[in-house]
Amino acid sequence: MDIKSSITLRSFKKYHPRQIAKFVKGFFNGRIFIVGLGRLRVIEGRVVAYQHQKTEKSILIVVSEINKIVAEMSQRKLTV
């Protein structure tokens, strides 16, 4: 699936990193929308900011936090 032709998979009304990470972990490619933050891409099970967002510190913090939780969830699954 080409990321340019993908649609928004899910909109989140509030920023709850664990809830978003659970969703992202289950989907490989697409888009999500977080009210107050904007649209983000999901590529290969990781959240990625659009190029024009990469200068916004708040977006980079959110992306990093969600991806960290996704990685923790993946590690936990491997060790169980």
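All values derive from a computational prediction rather than experimental measurement. Values below: all heavy atoms of this structure, side chains included; hydrogens, waters and symmetry mates excluded.
- Phe27 and Val47 fall within a single hydrophobic cluster, where Ile, Leu, Val, Met, Phe, Trp and Tyr side chains are chained together by heavy-atom contacts under 4.5 Å.
- Remark: Lys57 NZ to Ser64 OG distance equals 11.5 Å, nearest 0.5 Å.
- Residue Ile20 holds its CD1 atom at 9.0 Å from CD of Glu65, rounded to the nearest 0.5 Å.
- With a 6.0 Å cutoff to the six-membered ring centre and a 45° limit on the axis angle, Arg10 counts as a cation-pi contact of Phe23.
- Surrounding NZ of Lys54 are more than 12 heavy atoms belonging to other residues, nucleotides or ligands, all under 6.0 Å away.
- Here the shortest heavy-atom pairing between Leu37 and Ile59 reads O-CD1, 3.4 Å.
- The distance from the CZ atom of Arg18 to the CE atom of Met73 is 5.5 Å, given to the nearest 0.5 Å.
- Residues forming a ring-ring contact (aromatic ring centres under 6.0 Å, His included) with Tyr15 (at least two apart in sequence, or on another chain): none.
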- Under the side-chain contact (heavy atoms from CB on, under 4.5 Å) rule, what do Glu44 and Arg46 come out as? Steps first, then yes or no, please. CA-CA 6 Å; Glu44 297 181 5; Arg46 292 178 47 91; 5.8 Å; no
- side-chain contact (heavy atoms from CB on, under 4.5 Å) evaluation trace for Phe12 with Val35: CA-CA 6 Å; Phe12 295 92; Val35 174; over 6 Å; no
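- The shortest heavy-atom contact between Ala49 and Arg41 is O-NH2, 3.5 Å.
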- Run the side-chain contact (heavy atoms from CB on, under 4.5 Å) check on Ile69 and Lys25 step by step: do they pass? CA-CA 9 Å; Ile69 295 170; Lys25 189 173 178 291; over 6 Å; no
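- The heavy-atom pair separating Gly45 from Val70 by the smallest distance is O-CG1, 3.8 Å.
- Taking each heavy atom of Val24 and Val42 in turn, the nearest pair found is CG1-CG1, 3.9 Å.
- The backbone N or O of Leu40 sits nowhere less than 3.5 Å from a side-chain atom of Gln53 that would complete a donor-acceptor pair.
- Between Ser11 atom OG and Arg31 atom CZ the span is 12.0 Å, to the nearest 0.5 Å.
- The shortest heavy-atom contact between Val62 and Ile34 is CG1-CD1, 4.4 Å.
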